A.B. asks: 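Mind looking over this structure? Questions follow.
These figures come from a predicted structure and were not determined experimentally. Heads up: numbering here begins at 1 and tracks the sequence.
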Amino acid sequence: MSRWPLGHWLFSRAVCFRAPYFGTIAPRFTLLEARRCEAVIRDRRGVHNHIGTVHAIALCNLAELVAGVMTEASLPKGMRWIPKGMTVQYLKKAVGSQRGVATPAAEIVAADAGYELPVNVDVFDAGGERVFNAVVAMWLSPKRS
């Protein structure tokens, strides 16, 4: 869809239609390829906390979103996924627009049994400084026949 006029916007809306809660952060996907996903959330009041910075949970939502979309785009045929957990580090105040980048910490392979896939997500501010890190534990398993 990236080649279409408004393709990134259309793809972002489609993802949020499928998983409506992510619409609360109004993400815009900027890159999606096997083993990498990037999305941006704009600096707006709806994602702020009481001190005017981007709320911690908005950052967690961004992390889960890019981790999930990257996993979906990278899955071998016959596999499925679900998030199992997340550990996070808030490295500095998140001010302004934020860009989340998800990459797997291990190879994504087809398997006969379920396994845990750690997905690393770094979030950067508009100046390129890393403000947040998450490791999202994805549970990958074969689809039922």
Side-chain angles (χ1 to χ4, degrees), residues 1-4 6-44 46-49 53-145:
M1 294 178 106
S2 65
R3 293 181 205 138
W4 300 354
L6 302 174
H8 290 276
W9 181 84
L10 286 169
F11 181 78
S12 300
R13 291 300 119 236
V15 169
C16 291
F17 180 78
R18 174 88 171 145
Y21 185 71
F22 290 120
T24 62
I25 60 171
R28 179 71 49 91
F29 287 90
T30 57
L31 177 76
L32 176 58
E33 56 191 30
R35 302 182 51 79
R36 189 175 183 92
C37 180
E38 296 184 18
V40 174
I41 58 173
R42 292 180 294 114
D43 183 27
R44 60 186 182 84
V47 297
H48 285 183
N49 57 25
T53 61
V54 178
H55 195 283
I57 298 305
L59 297 171
C60 290
N61 285 342
L62 177 59
E64 185 179 345
L65 175 66
V66 293
V69 172
M70 183 282 303
T71 302
E72 181 69 27
S74 305
L75 269 184
K77 187 175 180 174
M79 298 294 286
R80 62 185 178 175
W81 64 274
I82 190 165
K84 184 178 175 183
M86 181 178 353
T87 57
V88 301
Q89 294 179 325
Y90 304 101
L91 305 172
K92 66 179 276 192
K93 289 181 182 176
V95 177
S97 295
Q98 305 294 310
R99 179 176 57 95
V101 179
T103 55
E107 279 298 311
I108 302 173
V109 297
D112 294 330
Y115 67 95
E116 188 172 300
L117 171 73
V119 176
N120 186 66
V121 179
D122 287 313
V123 176
F124 302 91
D125 63 18
E129 287 196 58
R130 192 167 73 131
V131 300
F132 173 90
N133 173 262
V135 176
V136 182
M138 296 294 190
W139 182 252
L140 277 57
S141 61
K143 289 181 181 175
R144 294 187 187 138
S145 305

A.B. asks: For Arg42 and Ala26, work out which heavy atoms get closest and say how close.
C.D. replies: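 That would be NH2-CB, 4.5 Å.
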A.B. asks: By salt bridge (Lys or Arg N to Asp or Glu O under 4.0 Å), which residues pair with Glu116, not counting sequence neighbours?
C.D. replies: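 If we apply the salt bridge (Lys or Arg N to Asp or Glu O under 4.0 Å) test to Glu116, skipping adjacent residues, the hits are Lys84.
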A.B. asks: To the nearest 0.5 Å, tell me how far Glu64 CD sits from Met86 CE.
C.D. replies: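 Going from CD on Glu64 over to CE on Met86, the span is 5.0 Å.
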A.B. asks: Indicate yes or no for a side-chain donor-acceptor contact from Asp125 to the backbone of Ser97 under 3.5 Å, with no hydrogens or angles considered.
C.D. replies: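 A pair under 3.5 Å: no.
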A.B. asks: Could you tell me whether a side-chain N or O of Gln98 sits under 3.5 Å from a main-chain N or O of Val95, the two making a donor and an acceptor?
C.D. replies: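 Looks like yes, one N/O pair under 3.5 Å.
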A.B. asks: Between Pro118 and Val135, which heavy-atom pair has the shortest distance, and what is it?
C.D. replies: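 Residues Pro118 and Val135, closest heavy atoms: CB-CG1, 3.9 Å.
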A.B. asks: Taking all heavy atoms of Asn133 and all of Asp122, pick out the closest pair and write down the distance.
C.D. replies: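 Taking every non-hydrogen atom into account, ND2-OD1, 2.8 Å.
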A.B. asks: How close do Pro142 and Asp112 get, counting heavy atoms only, and between which atoms?
C.D. replies: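 Smallest interatomic distance, heavy atoms only, reads CG-O, 3.4 Å.
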A.B. asks: Could you measure the distance from the OG1 atom of Thr71 to the CE atom of Met79? Nearest 0.5 Å is fine.
C.D. replies: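 The OG1 atom of Thr71 sits 11.0 Å away from the CE atom of Met79.
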A.B. asks: Would you sort out whether Met70 and Ile108 count as a side chain to side chain contact (heavy atoms under 4.5 Å, CB included), showing the intermediate values?
C.D. replies: CA-CA 11 Å; Met70 183 282 303; Ile108 302 173; 4.1 Å; yes
A.B. asks: With side chain to side chain contact (heavy atoms under 4.5 Å, CB included) as the test, would you mind laying out the steps for Val131 and Leu91 before giving the verdict?
C.D. replies: CA-CA 5 Å; Val131 300; Leu91 305 172; 5.5 Å; no
A.B. asks: With side chain to side chain contact (heavy atoms under 4.5 Å, CB included) as the test, would you mind laying out the steps for Glu107 and Leu117 before giving the verdict?
C.D. replies: CA-CA 8 Å; Glu107 279 298 311; Leu117 171 73; over 6 Å; no
A.B. asks: Can you see which heavy atom on Glu38 is nearest to which on Val66, and at what distance?
C.D. replies: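 For Glu38 and Val66, the tightest heavy-atom pair comes out as C-CG1, 4.3 Å.
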A.B. asks: Find the distance between CG (Leu59) and CD1 (Ile41) and round it off to the nearest 0.5 Å.
C.D. replies: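 That separation rounds to 6.0 Å.
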A.B. asks: Would you give the length of the straight line joining atom CE of Met138 to atom CD of Glu72, rounded to the nearest 0.5 angstrom?
C.D. replies: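 That separation rounds to 10.0 Å.
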A.B. asks: Is a donor from one side chain sitting under 3.5 angstrom from an acceptor on the other, for Thr103 and Arg35?
C.D. replies: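 Their side chains do not contain a donor-acceptor pair, so the 3.5 Å distance test is not met.
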A.B. asks: Can you tell me how far apart OG (Ser141) and OH (Tyr115) are? Round to the nearest 0.5 Å.
C.D. replies: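 Here the rounded value is 10.0 Å.
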A.B. asks: What's the shortest heavy-atom distance between Gly100 and Leu62, and which atoms?
C.D. replies: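 Looking at all heavy atoms of both residues, the shortest contact is N-CD2, 3.7 Å.
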